[in-house]
Amino acid sequence: MASALHTTDLRFVYGDRVAVDGVSFAIAPGEVLGLLGPNGAGKSTTIKMLIGLLRPQAGSIEILGMAMPQQRTAIQSRIGVVFEEKNLYPTLTGRENLAFFARLFGRSDVDLDHLLERVGLATRGRDRVSDYSKGMRQRLTVARALLNRPDVLFLDEPTDGLDPVSARSIRTLIREEAERGVAVLLTTHDMYEADELSDRVAFIDEGRILALEAPEQLKLRHGQRAVRVRYREDGQVKEVAIPLDVAAGGELQALMGREDLLTIHTEEATLEDVFVELAGRRLE
Amino acid sequence: MSLARTWSILRKDLRLGPRSPVVLWALIVPIVLTVLIRGVFGGLFADQPSLGIVDEGSSAIVAAADHLDGVDVRVLPTAGDVEVEVTDGRLDAGLVLPAGFDEAVRTGERPALGLWLSGESLPVDRSVLTVAVLDLVREVAGDEARASVEVVDVGEAGLPIDLRLVPLLVLYAVAIPGGMVPASSLVEEKEHGTLQALLTSPASVGEVLLAKGAFGVLLGMIAGLVTLTLNDAFGVAPLAVVLAVALGAVMMAELGLMLGSWSRDTNTLFAAWKAVGIIIFLPAVFFVWPDLPTWPAYLMPAYYFLQPAYAVGVEGAGLADVGVELAIGFGICLLLLPPVAAMGRWLQVRLAAGRLPAGDADDQPPSTTVG
């Protein structure tokens, strides 16, 4: 299947500091790619190049068969962007905000009521954005990103700082859009969210992609699976983790046979563990 | 460049305008200042003397009265009407011209002519109207003036202070809505992060700047023309005045766009505006105190719309008299376009640098942005 987005050897340098260094990846239609990395890793610079705010100093970007930035306007009319900051007009109502951007996209016919309903703001569309909570504003920015029925979505920390209900509704929307065939590039600090939503995950650090695979593959390849057993001995609770690859066999069977066995859990590596192993430091 | 997108952004700004304290302040202050100055120095509420005429025949005086300078003339159907209007104080004076009056004057009959004066009219208006009526009658009789009167101005030379303040009021009215409003609107877009959202839609920096500039020009022209109307300063060539105000509004909008592109936040913008304001407002000083040497004003861009507006609106000059100044003003507007475009590109560079947490590699000035 042809990719919706394809980058090759992207590079960008701020002064003498390399922000993005040879980044290449592709996203297929309907795929969610999680771009994970600590602050300053090059995520934002990469996204800025992809959405047309920065011109790459080297490398190429192809989105929906068009070259960025050469065909910037045509590409921008077919993408949706959710920024981390809630960049809306506070003195306009939610509906007015959407209507304004709909006109910019040449989509004055879009059903704003339906869109507001999708993000759970049907009853608040005529209220000023200044009266919205943080979660409502974020849901409105998601609605804005969807009003041109984009083929590619760029989501920068879409659930950062949101209450669990708002975060869940936004994750549901992301899944729905991916099922519709939209290619999604997601950056997030929330490893569980990345794990839950992403078909593949790219770890980026110091401007380079360290690994790019499905979360399960990454965890299998770089993490460690284990069985964690808790039991009582000499009146004290003890805990032991037995790596599955060492196996189980004797030690695990011996523990299973104990009468004072308390709990048995399987555990696997998290994406955070994978990043630590790859980069030698934690995601912050 | 899409005019449809530019219009969408302008429409949004027009809709936001009445909700913005800066826009309201920019539009209201010049009007309040005009009312204050005209109220203090006279002129705003002082009506012209009014004269009602009833013509029972077909006197040439009616047509001649219509051309009287500084007198408000109304023609009424009957003597009874004019009497009521004068008695009630709605007219300062009333004149009833009997049938055959002009012929009687021309044959030297010295016919009687009734002129009713309102008891509520000002003495100065009564004198003006009496002299004006006598002058009209002399004109009909075909009499030459018996003497030529030489008018000598005494006291302070030049125009009264309320007229000399007109350029300052007009400059304020054009500069604040024309320059400050687009600058402030642009800075607000940056502060709210909406500029980034605009520039990742199909809208370009050029379209955003054009819309903001048009917003400033529109408001600057409205405020400038309202101020001129309140000051009764359109002269004999209103088109020239409108042209001068339009040039001024464009000039100020260009300046505002540059300041707005440069300023990081509202505080920076206000500081920059104060610094630049000295250069903008300096030309008005030379109109308030005309004895000062005027050559420094020639170095200020605002002079080239202020001088034509003043010359035409206050001093009675025609379009041809101010053609050179208007041409220079137009040239300045053209010359400011490349710096505005350059500032637009710089704005995008700043925007791309982002507002990321300190220490983030992304928060560094980029060397290249998409144009």
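First the proteins, then the strands, lettered A, B, ... as listed; each starts at 1. Only a predicted model underlies this, so the values are computations on that prediction, with no experimental measurement involved.
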Subject >> Heavy-atom contact with chain B under 4.5 Å, split by part of A:Arg78 >> reply: neither
Subject >> Side chain / backbone / both / neither for A:Phe154 at chain B, heavy atoms under 4.5 Å >> reply: neither
Subject >> Within 6.0 Å of CZ in B:Arg19, more than 12 heavy atoms from elsewhere >> reply: yes
**OP:** Kindly give the heavy-atom pair with the smallest separation between B:Ile9 and A:Phe100, and that separation in Å.
**Re:** CA-CE1, 3.7 Å
Original post:
Above 12 or not: heavy atoms from other molecules or residues under 6.0 Å from CZ of A:Arg208?
Top reply: no
**OP:** Any chance you could measure A:Asn87, atom CG, to B:Glu189, atom CD, to the nearest 0.5 Å?
**Re:** 10.0 Å
Subject >> Engaged part of A:Glu206 at the chain B interface, taking heavy atoms whose separation is under 4.5 Å >> reply: neither
Original post:
Could you state the interatomic distance from OG1 (B:Thr194) to CG (A:Asn97), rounded to the nearest 0.5 Å?
Top reply: 9.0 Å
Subject >> Among B:Ser201, B:Ser2, B:Ala4, residue most engaged with chain A (heavy-atom pairs, under 4.5 Å) >> reply: B:Ser201
**OP:** Could you tell me which portion of B:Ser204 (side chain, backbone, both or neither) has an atom closer than 4.5 angstrom to a non-hydrogen atom of chain A?
**Re:** both
**OP:** State, yes or no, whether a side-chain contact exists between A:Leu104 and B:Lys12 at a heavy-atom distance under 4.5 Å.
**Re:** no
Original post:
Which distance, rounded to the nearest 0.5 Å, do you find between the CD of B:Gln196 and the NZ of A:Lys48?
Top reply: 6.0 Å
Subject >> Within 6.0 angstrom of B:Phe330 CZ, more than 12 heavy atoms from elsewhere >> reply: no
Subject >> Side-chain (A:Gln76) to main-chain (B:Leu199) donor-acceptor, under 3.5 angstrom >> reply: yes
Subject >> CG on A:Leu53 to OG1 on B:Thr200, rounded to 0.5 Å >> reply: 6.0 Å
Subject >> Residue among A:Gly207, A:Ser77, A:Pro90 with most heavy-atom pairs under 4.5 Å to chain B >> reply: A:Pro90
Original post:
Backbone N or O of B:Ser8 within a donor-acceptor pair of the A:Arg103 side chain at under 3.5 Å?
Top reply: no
**OP:** Let me know if B:Leu195 has heavy atoms under 4.5 Å from chain A in its side chain, its backbone, both or neither.
**Re:** neither
Original post:
Between A:Val81, A:Ile75, A:Leu88, which residue shows the highest count of heavy-atom pairs closer than 4.5 Å to chain B?
Top reply: A:Leu88
Subject >> Within 6.0 angstrom of B:Arg15 CZ, more than 12 heavy atoms from elsewhere >> reply: no
Original post:
At their closest point, which heavy atom of B:Ala197 faces which heavy atom of A:Phe83, and how far apart are they?
Top reply: CA-CE1, 3.9 Å
